[in-house]
Amino acid sequence: MINSVNEIIDSFFTESFEIDKESFSKIKKKYTTSITDSLDKGHLTTNVCMIAAGILKKNPRELSVSLASELQKSINIEEAISAGPGFINIYLTRGAFVHSIKQANNELLSYGNSKGENKRKIQIEFVSANPTGPLHVGHGRGAAYGDAIGRILEACGHEVEKEYYVNDAGRQIDILTSSVSLRLMGVDDEEMPESSYRGKYIAEIAEKYIQSYGNSAHDKDIIMANLPGDSEKEIDEITRRIKKDPTLWNSIKELSLNEVLHSIKHDLKEFNVIHDRWYFESSLGRLEDPSSQISNAMSYLEKKGQAYKEDGALWLNTSLAKDDKNRVLVREDGRPTYFASDVAYHKDKIDRGFDTLINVWGADHHGYIKRIESSIEGLGFDKEKLNVQLVQFANLFRDGKKVKMSTRSGEFYTLKDLIKEIGRDAARFYYLSKQADQHLDFDIDLAKSDNKENIFYYIQYAHARICSLQNKFMEDNASLPNSSIEIELNNYKKCDELIHEISKFPGVVQRSAANLHPHLIIYFLKDFAQSFHSFYNDNHVLSESSKNTESILYCLNAAKQVLANGLNLLGIKPIEKM
RNA sequence: GCGCCCGUAGCUCAGCUGGAUAGAGUACUUGGCUACGAACCAAGGGGUCGGGAGUUCGAAUCUCUCCGGGCGCACCA
């Protein structure tokens, strides 16, 4: 509908005025026709006259009066009125206005989706937590966010691949392996080094290891003798000693990594988050191997003159792209930095042919963005391909107090705990309820409460109420109604506000996709639920005349579809019965 | 010092590429179940959108500047 209005507007300007191409494209670029926020301004509104007035040096009011009379000729438009400083408020014919009810009833699950004129191949990399322990509540936010934008982008016609980058090659994995090894040697809670992982899950992994391989531990007295005082050096020295038995090391490492990955995958599945691909850092290969991906990436950068040797290390000239300083790719001693792996990984992602790479990162990584962007430019690609979305940490509150979390000691509130306490869908909902790059105070008590303050249930309640009405109706009828005849004939108008809201939904989904903002859907659903509850309270649907009841129910089915589709885009299952 | 984010009602927050009288929830004061689910609805008060300047027909929204708060700035991962 908006498109056909825009066509009239465009031809009005191109045909009625001697207008050069440049001015017209300026107007076309700036003006908008949109659904009004409330019905007292009509159904649609456009600001084109105020935009054009400045460019054509005309009076906006006069423009709007003549454009309004032009618009009124359209068969879908009942009336077009010039309003305010030069807006045009458009009243659609009854048929055009109620069209969205039919559309939602016909398209069902795909109502709100769009075809995507510029369909892109998009990769979203998210969560990517180091596989050194269970996911905690901080990871949950990134998981919910990445998954939701994936669903929303797909609904807008894009091709989306979701990926988890597994850092299985670095020092953190060494520490994990050492931690498990120490447990196997019988090191107890008190004795565990400060920098080791000490959570309960470490002991559980050790237990698993014993079950599979028996207890073939290192000699505790040798490993633990004369360790350096500095806690970081201490754990590294322990690792060095344990690694002297490579067979044992590798078997412990392999089992530990598998166990942790298994639990991460399990938690994500419980959270309704599925990654299409798990990409292992180790698959980039080693620098010693000249045919590995990481070697290829490094030599490619060197050949292009982007990387250079200095003080025995290999540096990337990132400051050319406005990074503060150049960064080391390969250390003096020949070991690659984490950055080197990341460069190689991003090269691989681009080589795989994605138009857009969305990286969902924890906010503490924001200093890292410029560096990666520079490396992408250094590789000869447009840095616009990369879109980094930062996710701020979520603070949990219970009884008005912040829930404490200390990661190293292992006493932390895991994602699993959260799902168990408030449920998967409520957790997803509240993670998504605020723009991702802003701090989120996650109130556990609120998420469990059962009043309007808990907007998750407020929205679900609207859906459940419609289901309940339908069930009641079905007690005496064979099937649900399939038209809104009384509403179409304008005999019943009390649903109008709701219909107006139904028609807004596809636009909300598009905006949400364009900005990568799932929370826009949440706030829309909240307002939408409010419109419904208000209608429901004022009107007793099932005691209307049978014609009216049927028409209303057909309309409410469209409303139910909007609620369901909105929730589905967030990865949340609509509730049919509270 | 440099970079990123934030500052909107007492509190928690919405506000889309600039648009018409700045919105919700909560709290406070009231009213509404002999009807489909009261986990609900309705009404009221509450604001110099951190301050200032600029761009514009029009600014909470864009630009600059100042103030206040948070975070990040490794040959760690």
Side-chain angles (χ1 to χ4, degrees), chain A residues 29-32 34 36-37 40-41 45-47 49-51 53-54 59-61 83-87 89 130 132 167 169-175 232 281 311-315 322-325 327-333 335-342 363-371 390 392-393 433-435 437-441 443 446 449-455 457-458 460-462 464-473 507-508 510-512 514-515 517 519-520 522-524 526-527 529-530 532-544 549 553 577-578:
Chain A
K29 206 172 157 191
K30 279 190 80 179
Y31 87 85
T32 53
S34 54
T36 58
D37 43 342
D40 55 4
K41 292 173 189 158
T45 184
T46 181
N47 62 355
C49 296
M50 287 175 295
I51 305 288
N59 180 306
R61 288 285 307 191
F87 292 101
N89 293 341
N130 283 340
T132 54
N167 297 118
R171 176 169 172 262
Q172 298 304 321
I173 296 301
D174 286 351
I175 298 177
E232 296 298 324
E281 181 185 1
D311 300 333
L314 184 69
W315 295 73
K322 296 201 176 122
D323 194 8
D324 308 347
K325 52 181 262 191
R327 306 290 174 173
V328 171
L329 287 164
V330 183
R331 300 181 181 90
E332 259 182 283
D333 61 12
R335 289 178 305 131
T337 60
Y338 180 81
F339 181 46
S341 304
D342 256 3
D364 54 333
H365 283 67
H366 85 244
Y368 206 70
I369 298 176
K370 279 224 171 88
R371 212 178 302 183
L390 295 178
Q392 284 285 356
F393 295 112
S433 67
K434 225 187 140 178
Q435 203 168 316
D437 64 356
Q438 287 173 31
H439 289 276
L440 172 73
D441 289 340
D443 186 336
L446 172 68
S449 70
D450 58 356
N451 54 44
K452 191 175 176 180
E453 197 181 351
N454 183 349
I455 55 174
Y457 279 106
Y458 183 74
Q460 292 281 24
Y461 187 37
R465 270 182 152 177
I466 298 176
C467 291
S468 170
L469 274 178
Q470 293 181 333
N471 290 335
K472 207 98 184 173
F473 180 81
V508 172
Q510 279 168 27
R511 251 190 353 256
S512 171
N515 301 311
H517 284 170
H519 74 282
L520 295 179
I522 287 190
Y523 284 94
F524 170 77
K526 197 205 82 199
D527 291 341
Q530 187 154 35
F532 166 75
H533 286 306
S534 179
F535 170 80
Y536 182 89
N537 232 271
D538 291 345
N539 304 282
H540 196 258
V541 179
L542 299 179
S543 50
E544 288 278 345
T549 298
L553 281 177
K577 211 172 174 179
M578 307 286 287

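Proteins come first, then strands; the chains are lettered A, B, ... in the order of their sequence lines, and each starts at number 1.
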Kindly say whether, by distance alone, the side chain of A:Ser534 makes a donor-acceptor pair under 3.5 Å with the base of B:A42? no
Between A:Gln435 and B:C16, does any side-chain N or O lie under 4.0 Å from OP1 or OP2? no
Please tell me if A:His517 has a side-chain N or O lying less than 4.0 Å from either OP1 or OP2 of B:A14. no
Whole-angstrom distance between B:A42 and B:G25, as gauged at atom C1': 16 Å
Side-chain contact check for A:Asn515: nearest option of B:C16, B:G37, B:A42 is B:C16
Say we look at B:A43 and B:A9: how far apart would their P atoms be, to the nearest angstrom? 23 Å
Determine the Euclidean distance between corresponding C1' atoms of B:C64 and B:G47; express it in Å to zero decimal places. 26 Å
Pull up the glycosidic torsion of B:C33 and say syn or anti, syn being anything within 90° of 0. syn
Is A:Asn130 touching bases, backbone alone, or none of the nucleic acid, heavy atoms closer than 4.0 Å? sugar-phosphate
B:A74, B:U17, B:A38: which one has an atom nearest the side-chain heavy atoms of A:Arg465? B:A38
Side-chain contact check for A:Pro85: nearest option of B:A14, B:G19, B:A38 is B:G19
Length of the NZ-P vector between A:Lys30 and B:A59, whole Å: 13 Å
Salt-bridged, A:Asp333 to A:Arg331, with N to O below 4.0 Å? no
Between B:A38 and B:C49 - C1' atom distance, rounded Å: 35 Å
May I ask you to say what A:Ile51 touches in the nucleic acid, namely base, sugar-phosphate or nothing, with a heavy-atom cut-off under 4.0 Å? base
Using a heavy-atom cut-off of 4.0 Å across all strands, would you classify A:Gln530 as base, sugar-phosphate, or nothing? sugar-phosphate
Please pick, from B:A39, B:C71, B:G70, the nucleotide with the shortest atom-to-atom distance to any side-chain atom of A:His439. B:G70
Aromatic rings A:Tyr536 and A:Phe532: how do their planes relate, parallel, tilted or perpendicular, breaks at 30° and 60°? tilted
Across the strands shown, which category fits A:Asn59 at heavy-atom distances under 4.0 angstrom: base, sugar-phosphate, nothing? nothing
Could you check A:Asp527 against A:Arg511 and say which one's nearest nucleotide on RNA chain B is further toward the 5' end? A:Arg511
Of B:A39, B:A20, B:A77, the nucleotide closest to the side chain of A:Tyr457 is B:A39
Counting only side-chain N and O atoms of A:Gln438, is one of them less than 4.0 Å from OP1 or OP2 of B:C13? no
Taking any heavy-atom pair under 4.0 Å as a contact, classify A:Ser512: base, sugar-phosphate, or nothing. nothing
Under 3.5 Å for both donor-acceptor distances, Watson-Crick or wobble: does B:G7 have a partner, and if so which one? B:C67
Could you identify the nucleotide paired to B:G58, looking across every strand shown and requiring Watson-Crick or G-U wobble geometry with both distances under 3.5 Å? none
When both hydrogen-bonding distances must be under 3.5 Å and the geometry is Watson-Crick or G-U wobble, what is B:A22 paired with, if anything? none
Which part of the nucleic acid, if any, lies within contact of A:Leu469, taking any heavy atom under 4.0 Å across all strands shown: a base, the sugar-phosphate backbone alone, or nothing? base
Could you check whether A:Phe339 gets within reach of a base, just the sugar-phosphate, or nothing at all, counting any heavy atom under 4.0 Å? nothing
Looking at every strand, decide which applies to A:Ser34 at a 4.0 Å heavy-atom threshold: base, sugar-phosphate, or nothing. nothing
Across every strand shown, the nucleotide meeting Watson-Crick or G-U wobble geometry with B:C2 (both distances under 3.5 Å) is B:G72
Under 3.5 Å on both distances, the Watson-Crick or G-U partner of B:U34: none
Kindly assign one of parallel, tilted or perpendicular to the pair A:His519 and A:His517, based on the angle between their ring planes and the thresholds 30° and 60°. tilted
B:C49 pairs with which nucleotide, Watson-Crick or G-U wobble, both distances below 3.5 Å? none
Among B:G37, B:A77, B:C41, which nucleotide sits nearest the side chain of A:His533? B:C41
Are the ring of A:Phe87 and the six-membered base ring of B:A20 within the stacking cut-offs of under 5.5 Å and under 30°? yes
Base, sugar-phosphate, or nothing for A:Asn89, non-hydrogen atoms under 4.0 angstrom? base
Do side-chain atoms of A:Thr337 reach the backbone of A:Leu329 as a donor and acceptor pair under 3.5 angstrom? yes
For the pair A:His533 and A:Tyr458, name the ring-plane relationship: parallel under 30°, tilted 30 to 60°, perpendicular over 60°. tilted
Roughly how far apart, to the nearest Å, are B:C2 and B:A60 at atom C1'? 29 Å
Say whether, by atom type as modelled, one donor and one acceptor occur between the side chain of A:Asn167 and the main chain of A:Asn130 under 3.5 angstrom. no
Respond yes when some side-chain nitrogen or oxygen of A:Lys325 is under 4.0 Å from OP1 or OP2 of B:C75, and no when none is. yes
Going by purine N1 to pyrimidine N3 plus the second Watson-Crick contact, or the G-U wobble pair, all under 3.5 Å, which nucleotide sits opposite B:U29? B:A43
Which nucleotide in B:A24, B:C41, B:C75 has an atom nearest any side-chain atom of A:Asp538: B:C41
Distance test, side-chain N/O of A:Tyr458 to OP1/OP2 of B:C41, below 4.0 Å: yes
State, without any angle test, whether A:Gln172 and A:Thr132 hold a side-chain donor-acceptor pair at a distance under 3.5 Å. no
Among B:G25, B:G19, B:A14, the nucleotide that comes nearest once only the side chain of A:His519 is considered: B:A14
Which is more 5' along RNA chain B, the nucleotide nearest A:Leu440 or the one nearest A:His365? Just name the residue. A:Leu440
A:Lys526 near the nucleic acid: base, sugar-phosphate alone, or nothing, with a heavy-atom cut-off under 4.0 Å? sugar-phosphate
Rounded to the nearest Å, what distance is computed from the CG atom of residue A:Leu390 to the C1' atom of nucleotide B:G3? 12 Å
How far does the P atom of B:G58 sit from the matching atom of B:C13, given to the nearest Å? 34 Å
Is the ring of A:His540 stacked on the base of B:C36, with centres less than 5.5 Å apart and planes under 30° off? yes
How far does the C1' atom of B:A27 sit from the matching atom of B:G10, given to the nearest Å? 8 Å
Using the P atom on both, measure B:U12 against B:U8 and round to a whole Å. 9 Å
Whole angstroms only, please: what is the NZ-P distance between A:Lys41 and B:A20? 6 Å
Considering every strand and a 4.0 Å limit on heavy-atom distances, what is the contact class for A:Gly54: base, sugar-phosphate, or nothing? nothing
Return no unless some side-chain N or O of A:Arg61 is found under 4.0 Å from OP1 or OP2 of B:C57. no
Could you tell me whether the phosphate oxygens of B:A35, OP1 or OP2, come under 4.0 Å of any side-chain nitrogen or oxygen in A:Ser543? no
Here the distance between atom C1' of B:C2 and atom CD1 of A:Ile369, to the nearest Å, is 15 Å
What's the closest nucleotide to the A:Lys434 side chain, out of B:A14, B:A38, B:G72? B:A14
Between the base of B:G19 and the side chain of A:Asn47, is there a donor and acceptor pair under 3.5 angstrom? yes
So for A:His366 and B:G3, does any side-chain atom that can act as donor or acceptor lie under 3.5 Å from a complementary atom in the base? yes
Tell me whether the side-chain N or O atoms of A:Arg331 pair up with the base of B:C75 as donor and acceptor below 3.5 Å, since no angle test is needed here. no
Picking from B:C76, B:C36, B:C41, which would you name as closest to the side chain of A:Asn537? B:C41
Does any non-hydrogen side-chain atom of A:Ile369 lie less than 4.5 Å from one of A:Leu390? yes
